[in-house]
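Right, one structure below, let's go through it.
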Amino acid sequence: MMVTIMDIDSVMNIITQGTLEVVTPEELQDKLEKDQKTAYIGYEPSGKVHLGHAITVKKMIDLQKAGFKVKILLADLHAYLNGKGSLEEIKKISEYNMECFRALGLSEDTEFILGSNFQTDEDYTMKVYELAISTTLTRARRSMAQITRDAEDHQVAEVIYPLMQVVDMLFLEVDLAVGGMEQRKIHMLARDNLPKLGFSSPVCIHTPLLHGTDGSDKMSSSKENFIAIDDQPKVIIEKIKKSYCPAGETEGNPILEIAHHFIFNERETLLIQRPEKFGGNLELTQEELIKMYADGDLHPLDLKNGVADCLVDVLKPVRDYLKV
RNA sequence: CCCGCCUUAGCUCAAUUUGGCAGAGCAUCGGACUGUAGAUCCGAGGGUUGCUGGUUCAAGUCCGGCAGGCGGGACCA
């Protein structure tokens, strides 16, 4: 008995770690007791899979460790509705995306599902219509505020999108939905409405958004402010060197965020090679690094050099897997 | 379906009145300055003027057609 409780605690810890919120922890705990439990995330196929995506993929890996079956929706129809191109083009890059996600370390039994394979079924469509009746326009639009590509010339597609995402959860029979914080409003819509369709609400887990290398709020494939998981070493170094990185500033600093999410999650320390005249090499824990940087004792360029070298190393398995 | 207005650089818009070499700001790229980036200066690149036909020596500008957007009207057994 004691052992079981301990286990649940450590599993809860793995799942919760690095997230901004779990809605709700109590429900998650209940889910953990199920034998078969499914976690899901959907991605619009994208020309480049970047570090922002990787944060959520790593959370899916955590969930696999915690005993969840993971389903990844390659949301080609959603991308289509969001004006990302022709369905053919989108399907093509979804193949590449699948390889990228695998390269990040998801286990073999990860299930990849192409949205268009089931999202035009009659049953599915009827559920979308049903949901359309009980959802107000303003709420549907509001849920898309951080997802839609262009704020002007709104298409009807924009409000179909969140309805479909809700029905996806029903059809994929998910216990848990994962997404970046921008997905929050759609997830809340799902939690409110799925019971009306006779399905229980999924637990929702939201991860932080990674700042763009330009310092803007969100790393995004449509802006040139991302580092792709399969970027060449010299590209990674170049992009980090060009990144926004104010001295002494630890909030919203993309370089420190990258270190946090992709270096200190799997290593105790970061080696910073520094010319003798600036004080020589350092090997720092995250805590030491942040204190030193905040105090102005670590120059941004040294930070960048250290993080760039290490990130190149961290992403090597991804490049090897993808043979790039 | 009808009427009106709009469409110019990646973005926001000038230039239309009176036809005469298509411009600015922002963004991008490069240089300077900082032991990073940013900020700030300096410089550069960037265009099928929605598409198409016509008038003219000459069309972003005038006329016709088409497409897209916005607003209104009409229809509503």
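These figures come from a predicted structure and were not determined experimentally.
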Rounded to whole angstrom, note down the C1' distance from G10(B) over to U49(B). 16 Å
Side chains of residues 245-258 of chain A: which donor-acceptor partners sit under 3.5 Å, not counting sequence neighbours?
{"residue": "E249(A)", "atom": "OE2", "partner": "E251(A)", "partner atom": "N", "Å": "3.1"}
{"residue": "N253(A)", "atom": "OD1", "partner": "I255(A)", "partner atom": "N", "Å": "3.0"}
{"residue": "N253(A)", "atom": "OD1", "partner": "L256(A)", "partner atom": "N", "Å": "3.3"}
{"residue": "N253(A)", "atom": "ND2", "partner": "E249(A)", "partner atom": "O", "Å": "3.0"}
{"residue": "E257(A)", "atom": "OE1", "partner": "H211(A)", "partner atom": "N", "Å": "2.9"}
{"residue": "E257(A)", "atom": "OE1", "partner": "H211(A)", "partner atom": "ND1", "Å": "3.2"}
{"residue": "E257(A)", "atom": "OE2", "partner": "H211(A)", "partner atom": "ND1", "Å": "2.6"}

Base, sugar-phosphate, or nothing for N305(A), non-hydrogen atoms under 4.0 angstrom? nothing
Restricting to nitrogen or oxygen on both sides, can you table the protein-nucleotides 36-45 of chain B pairs closer than 3.5 Å?
{"residue": "U36(B)", "atom": "O2'", "partner": "K241(A)", "partner atom": "O", "Å": "3.1"}
{"residue": "U36(B)", "atom": "O2'", "partner": "K304(A)", "partner atom": "NZ", "Å": "3.1"}
{"residue": "U36(B)", "atom": "O2", "partner": "K304(A)", "partner atom": "NZ", "Å": "2.7"}
{"residue": "U36(B)", "atom": "N3", "partner": "C245(A)", "partner atom": "O", "Å": "2.7"}
{"residue": "U36(B)", "atom": "O4", "partner": "C245(A)", "partner atom": "O", "Å": "3.4"}
{"residue": "U36(B)", "atom": "O4", "partner": "A247(A)", "partner atom": "N", "Å": "3.3"}
{"residue": "A37(B)", "atom": "O4'", "partner": "S243(A)", "partner atom": "O", "Å": "3.2"}
{"residue": "A37(B)", "atom": "O4'", "partner": "K304(A)", "partner atom": "NZ", "Å": "2.9"}
{"residue": "A37(B)", "atom": "O2'", "partner": "K242(A)", "partner atom": "O", "Å": "3.0"}
{"residue": "A37(B)", "atom": "O2'", "partner": "S243(A)", "partner atom": "O", "Å": "2.7"}
{"residue": "A37(B)", "atom": "O2'", "partner": "Y244(A)", "partner atom": "N", "Å": "3.1"}
{"residue": "A37(B)", "atom": "N3", "partner": "C245(A)", "partner atom": "N", "Å": "3.2"}

Say we look at A9(B) and U28(B): how far apart would their C1' atoms be, to the nearest angstrom? 11 Å
Rounded off to whole Å, could you give me the NE2-to-C1' distance for the H154(A) and C70(B) pair? 13 Å
For E44(A) and Y161(A), what are the C-alpha separation, side-chain angles and deciding distance, and is it a side-chain hydrogen bond (donor to acceptor under 3.5 Å, both in side chains)? CA-CA 11 Å; E44(A) 285 186 30; Y161(A) 184 119; 2.5 Å; yes
Could you tell me whether K291(A) and D297(A) have a side-chain N and a carboxylate O separated by less than 4.0 Å? no
Work out how far the P atom of U7(B) is from that of C62(B), and round it to whole angstrom. 11 Å
All N/O donor-acceptor pairs, side-chain side in residues 102-109 of chain A, below 3.5 Å, sequence neighbours left out:
{"residue": "S107(A)", "atom": "OG", "partner": "Q64(A)", "partner atom": "OE1", "Å": "3.2"}
{"residue": "S107(A)", "atom": "OG", "partner": "Q64(A)", "partner atom": "NE2", "Å": "3.1"}
{"residue": "S107(A)", "atom": "OG", "partner": "D109(A)", "partner atom": "OD1", "Å": "2.6"}

Student check: side-chain heavy atoms of R267(A) and C310(A) closer than 4.5 Å: yes
Please map the stems of RNA chain B, keeping only stretches of three or more Watson-Crick or G-U wobble pairs with both distances under 3.5 angstrom. B:1-7 with B:67-73, B:10-13 with B:23-26, B:28-32 with B:40-44, B:50-54 with B:62-66
By the salt bridge (charged side-chain N to carboxylate O under 4.0 Å, His left out) test, which pairs, at least two apart or in different chains, include something from residues 184-195 of chain A? E21(A)-R184(A), E27(A)-R191(A), R139(A)-D192(A)
Integer angstrom distance from the P of G31(B) to that of C13(B): 33 Å
Using the C1' atoms only, state how far A22(B) lies from G38(B), rounded to an integer number of Å. 33 Å
Please give the distance between the C1' atoms of G50(B) and G69(B) as a whole number of Å. 11 Å
Distance-only donor-acceptor pairs under 3.5 Å for side chains of residues 315-324 of chain A, two or more places apart:
{"residue": "K316(A)", "atom": "NZ", "partner": "D320(A)", "partner atom": "OD2", "Å": "2.9"}
{"residue": "R319(A)", "atom": "NH1", "partner": "V312(A)", "partner atom": "O", "Å": "3.1"}
{"residue": "R319(A)", "atom": "NH2", "partner": "V312(A)", "partner atom": "O", "Å": "2.9"}

Rounded to whole Å, CG of L298(A) lies from P of G35(B) at a distance of 16 Å
Looking at N305(A) and L301(A), would you say the former's side chain and the latter's main chain have a donor-acceptor pair under 3.5 Å? yes
Expressed as a whole number of Å, how far does the C1' atom of A77(B) sit from that of G4(B)? 31 Å
Against L81(A), only a single residue in Q155(A), M164(A), E158(A) fulfils side chain to side chain contact (heavy atoms under 4.5 Å, CB included); can you say which? M164(A)
With rounding to whole Å, what would you report as the distance between G35(B) and G23(B) at their C1' atoms? 40 Å
